[in-house]
S.K.: 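Before I ask anything, here is the structure I am working with.
Since the model is a prediction, treat every value here as computed from it, not as a measurement. Residues take their numbers from the sequence shown, with the count starting at 1.
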Amino acid sequence: MAKVVRAEAFQVDVPVETLRTDAVQQFVKQETVFVEVTTDDGLTGLGYAYTIGTGGSSVLALLKDHLLPRLVDADSRRIEHVWRDLFAHTRSTTVGAITSLALAAVDTALWDLRCLRAQEPLWRMAGGYKQEVPLYDTEGGWLHLSTEDLVAGAKETAAQGWQGIKMKVGKPDLAEDAERLEAVRAAVGERFAIMVDANQSMTAAEAIRRADAFRGVNLTWLEEPLPADDLSGHERLARSTGIPIAVGESLYSVAQFREYLERGAASIVQVDAARIGGITPFLKVAHLAEAFNADVCPHFLMELHVSLAAALPNGRFVEHIPQLRGITKSEMAVRSGHALAPDAPGLGIDWDRDAMEDLRVA
């Protein structure tokens, strides 16, 4: 029957591979919350969610105290039913980051089971549109890097055949942001994509001002310029500039994405499978974006998102930020500037269980 007979949650803290800074924060560590689900037909699925330094223990407590006991005896094949049941059970804490992350750890485990049972990879089970997606690099664009380092990193990325680079913006001085962007554009030419990310650091007035200053750089998008709950500010900004506005990593429900798309406040959808509550709502957001003729460029989690972006006709980019190498046995495959979705059944992530155990939080 595929009935759940055991569900366990645990946390693994993965150190950051390199210093990562933006306009508002530093990536401290990846608190990775795992859910392992075993069914009565002998299969085990492993799902996960994450934070970038705080809150992991709260996600873990919600899972252990409320969600996993309710998951036992459920039919693991009825993923929509399970997701909705767990969402309703935690209604007093939804919509919000902690609950969405907890739901995502369960949901990705159930999708892992679904794919393992079918002996199919995630990219085919989720839609199967294509197997490879253009790749852009964020690792070489952090805010603390010098202009010289940014230029060197962008040139190296372009030489590898990758499609673009994302740079952090939000320096106190607008002129410094502009000079850094102009230096990179001059180094890589006009055909190389440059994205920028402000990490919710600006007011609407300042974002409009900076977007105007960045006009000559030919940006592919301006990401999270304002706090995510400033929908009207994003709407004003989008009307004032020709630079596409990207949002999504800080939105936690399908309805929030609908509001942005309906009001023309964003045109690039950066849904994050962990923060939206799993693969199930991720796909709903992606199909919603398709209905609005908008591209999906998922945030972070490249090892999972490569398969989801590949599944979609509107999956445009995968973001390169390697963070799981400390707990996996292999890396995401890259060919000719494209990330390749894995063909292995399940989520396609080759977990190193010994390394995970070494980093497991007691």
S.K.: Do Arg124 and Cys115 pass the side-chain contact (heavy atoms from CB on, under 4.5 Å) test, and can you show the C-alpha distance, the side-chain angles, and the key distance before you say yes or no?
M.R.: CA-CA 9 Å; Arg124 273 206 293 267; Cys115 296; over 6 Å; no
S.K.: Do other residues, nucleotides or ligands put more than 12 heavy atoms under 6.0 Å from Phe292 CZ?
M.R.: yes
S.K.: Which heavy atom of Trp221 sits nearest to which heavy atom of Cys297, and what is that distance?
M.R.: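 Distance-wise, the nearest heavy atoms are CZ3-SG, 3.7 Å.
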S.K.: Examine distances only and state if a side-chain atom of Ser240 and a backbone atom of Ile208 form a donor-acceptor pair shorter than 3.5 Å.
M.R.: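 Looks like no, no N/O pair under 3.5 Å.
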S.K.: Establish, yes or no, whether a centroid distance under 6.0 Å links the rings of Trp111 and Phe282.
M.R.: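 Centroid separation for Trp111 and Phe282: 6.0 Å or greater.
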S.K.: Quick one: does Gln200's side chain get under 4.5 Å of Val24's, heavy atoms only?
M.R.: no
S.K.: Would a hydrophobic clustering, with Ile, Leu, Val, Met, Phe, Trp and Tyr connected at side-chain separations under 4.5 Å, put Leu222 with Leu174?
M.R.: no
S.K.: If only atom types and distance count, is the side chain of Arg180 paired as donor or acceptor with the main-chain N or O of Leu143 below 3.5 Å?
M.R.: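 Yes; judged by distance alone, with no hydrogens or angles, the pair exists.
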S.K.: Give a yes or no on whether Arg215 atom CZ has more than 12 heavy-atom contacts from other residues, nucleotides or ligands under 6.0 Å away.
M.R.: no
S.K.: Run Glu290 and Val296 through side-chain contact (heavy atoms from CB on, under 4.5 Å) and show every step you take.
M.R.: CA-CA 8 Å; Glu290 184 182 5; Val296 173; over 6 Å; no
S.K.: Looking only at atom types and distance, does a side-chain atom of Asp197 sit under 3.5 Å from a main-chain N or O of Glu224, one as donor and one as acceptor?
M.R.: no
S.K.: I'd like to know if Arg360 pairs up with Glu357 as an ion pair, taking the criterion as any Lys NZ or Arg NE/NH1/NH2 lying under 4.0 Å from an Asp or Glu carboxylate oxygen.
M.R.: yes
S.K.: Within a strict 4.5 Å, meaning less than it, do heavy atoms of the Leu68 and Leu63 side chains meet?
M.R.: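 Yes, side chains in contact.
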S.K.: Answer yes or no: is there a donor N or O on one side and an acceptor on the other, between the side chain of Thr328 and the main chain of Asp352, under 3.5 Å?
M.R.: no
S.K.: Would the distance check show the side chain of His338 and the main-chain N or O of Ser336 forming a donor-acceptor pair, the cut-off being under 3.5 Å?
M.R.: yes
S.K.: Looking at NZ of Lys284 and OG of Ser253, how far apart are the two atoms once the value is rounded to the nearest 0.5 Å?
M.R.: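 So the gap between those two atoms works out to 11.5 Å.
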S.K.: Closest approach of Ala74 and Val82, non-hydrogen atoms and distance?
M.R.: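 It is CB-CG2, 4.2 Å.
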S.K.: How long is the gap from CD1 on Ile321 to CG on Asp137, to the nearest 0.5 Å?
M.R.: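 Between Ile321 CD1 and Asp137 CG, I get 8.5 Å after rounding to 0.5 Å.
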S.K.: Whether the side chain of Asp295 engages the backbone of Ile268 through a donor-acceptor N/O pair (distance < 3.5 Å, no angle test) should be reported.
M.R.: no
S.K.: Can a donor-acceptor pair be found, under 3.5 Å and without considering hydrogens, that links the side chain of Thr99 to the backbone of Gly96?
M.R.: no
S.K.: Considering all heavy atoms of both residues, which atom of Ala266 and which atom of Leu261 are nearest to each other, and what is their separation?
M.R.: O-CD2, 3.9 Å
S.K.: Does the ring center of His320 lie less than 6.0 Å from the ring center of Tyr136?
M.R.: no
S.K.: Say you draw a straight line from OG1 of Thr157 to CD1 of Ile165; how long is it, rounded to the nearest 0.5 Å?
M.R.: 5.0 Å
S.K.: Does a side chain donor of either Thr51 or Glu31 reach within less than 3.5 Å of an acceptor in the other side chain?
M.R.: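 Result is yes, a qualifying pair exists.
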S.K.: When you look at Thr108 and Leu46, which way does the side-chain contact (heavy atoms from CB on, under 4.5 Å) test go after all the steps?
M.R.: CA-CA 7 Å; Thr108 50; Leu46 186 65; over 6 Å; no
S.K.: Within the 4.5 Å heavy-atom criterion, are Leu62 and Thr90 side-chain neighbours or not?
M.R.: yes
S.K.: Are Val271 and Ile279 linked, directly or through intermediate hydrophobic residues, by side-chain heavy-atom contacts shorter than 4.5 Å (ILVMFWY only)?
M.R.: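 Yes; tracing contacts between hydrophobic side chains, which count when under 4.5 Å, links both residues.
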S.K.: Do Asp343 and Gln131 have a side chain donor and acceptor closer than 3.5 Å?
M.R.: yes
S.K.: So, are Glu132 and Lys130 salt-bridged, with charged N and O less than 4.0 Å apart?
M.R.: no
S.K.: Is the Trp351 to Phe34 ring centre distance short of 6.0 Å?
M.R.: yes
S.K.: Should the heavy atoms of other residues, nucleotides or ligands under 6.0 Å from NZ of Lys155 be counted, would the total exceed 12?
M.R.: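 No.
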S.K.: Verify salt bridge (Lys or Arg N to Asp or Glu O under 4.0 Å) between Glu8 and Lys64, making sure each step is shown before the conclusion.
M.R.: CA-CA 8 Å; Glu8 177 190 9; Lys64 289 184 174 182; over 6 Å; no
S.K.: When you group the ILVMFWY residues by side-chain heavy-atom contacts below 4.5 Å and let the links chain together, are Val188 and Leu145 in the same group?
M.R.: yes
S.K.: Which pair of non-hydrogen atoms, one from Met202 and one from Leu226, has the smallest distance, and what is that distance?
M.R.: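 In terms of heavy atoms, the two residues are closest at O-CD2, 3.3 Å.
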S.K.: Which is it for Arg84 and Glu80 under the salt bridge (Lys or Arg N to Asp or Glu O under 4.0 Å) test, yes or no, and what are the steps along the way?
M.R.: CA-CA 6 Å; Arg84 183 60 56 179; Glu80 285 276 3; 5.8 Å; no
S.K.: First locate atom CH2 of Trp142, then atom NZ of Lys166, and finally report the distance between them rounded to the nearest 0.5 Å.
M.R.: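 So the gap between those two atoms works out to 7.5 Å.
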S.K.: Under the side-chain contact (heavy atoms from CB on, under 4.5 Å) rule, what do Leu181 and Arg185 come out as? Steps first, then yes or no, please.
M.R.: CA-CA 6 Å; Leu181 288 170; Arg185 173 56 74 201; over 6 Å; no
S.K.: Any sub-3.5 Å donor-acceptor pair from Lys29's side-chain atoms to Thr54's backbone N or O?
M.R.: no
S.K.: Do Thr39 and Lys3 make a side-chain contact, defined as non-hydrogen atoms from C-beta onward lying under 4.5 Å apart?
M.R.: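 Thr39 does not reach Lys3 side chain to side chain.
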S.K.: With side-chain hydrogen bond (donor to acceptor under 3.5 Å, both in side chains) as the criterion, how do Tyr252 and Asp272 come out once you've worked through the C-alpha distance, each side chain's angles and the decisive distance to 0.1 Å?
M.R.: CA-CA 9 Å; Tyr252 300 99; Asp272 182 315; over 6 Å; no
S.K.: Would you say Pro225 and Ile245 make side-chain contact, with heavy atoms under 4.5 Å?
M.R.: yes
S.K.: Tell me whether Asn293 at atom CG has more than 12 heavy atoms from other residues, nucleotides or ligands lying less than 6.0 Å away.
M.R.: no
S.K.: Within the structure provided, determine whether Arg77 and Leu113 are in side-chain contact (heavy-atom separation under 4.5 Å).
M.R.: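 No; the side chains remain at least 4.5 Å from each other.
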S.K.: Give the minimum heavy-atom separation between Ala273 and Leu308, together with the two atoms involved.
M.R.: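 Residues Ala273 and Leu308, closest heavy atoms: CB-CD1, 4.1 Å.
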S.K.: For the hydrophobic clusters of this structure (ILVMFWY residues joined by side-chain heavy atoms under 4.5 Å, transitively), does one cluster hold both Val16 and Val33?
M.R.: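 Yes, it is one cluster - the side chains of Val16 and Val33 are joined through contacts under 4.5 Å.
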S.K.: So which atom in Ala9 and which in Val35 form the shortest heavy-atom distance, rounded to 0.1 Å?
M.R.: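 The pair with the smallest heavy-atom distance is CB-CG2, 4.2 Å.
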S.K.: Check whether any side-chain heavy atom of Arg117 sits under 4.5 Å from a side-chain heavy atom of Ser76, and report yes or no.
M.R.: yes
S.K.: For the side chain of Gln323 and the backbone of Val14, is there at least one donor-acceptor N/O pair under 3.5 Å apart?
M.R.: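 Looks like yes, one N/O pair under 3.5 Å.
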S.K.: Could you tell me whether the side chain of Gln119 and the main chain of Leu116 form a donor-acceptor pair under 3.5 Å?
M.R.: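 Yes, the answer is positive, given that a donor and an acceptor are paired below the 3.5 Å cut-off.
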S.K.: Run Glu120 and Arg114 through salt bridge (Lys or Arg N to Asp or Glu O under 4.0 Å) and show every step you take.
M.R.: CA-CA 9 Å; Glu120 288 281 2; Arg114 170 179 281 182; over 6 Å; no
S.K.: Taking Gln270 as the fixed residue, which of Glu223, His299, Glu249, Glu319 is the one that meets the side chain to side chain donor-acceptor pair (under 3.5 Å) rule?
M.R.: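 So, applying the side chain to side chain donor-acceptor pair (under 3.5 Å) to Gln270 and each of Glu223, His299, Glu249, Glu319, only Glu223 qualifies.
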S.K.: Scan Leu135, Leu340, Ile349 and name whichever one has a side chain to side chain contact (heavy atoms under 4.5 Å, CB included) with Met332.
M.R.: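 Output: one option passes, namely Leu135.
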S.K.: Quick check on side chain to side chain contact (heavy atoms under 4.5 Å, CB included): which of Thr241, Ile194, Leu219 does Phe214 satisfy it with?
M.R.: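 Exactly one candidate clears the test, Leu219.
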S.K.: What I'd like to find out is whether the side chain of Val37 reaches to under 4.5 Å of the side chain of Leu43, using heavy atoms alone.
M.R.: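 Contact flag for Val37/Leu43 side chains = no.
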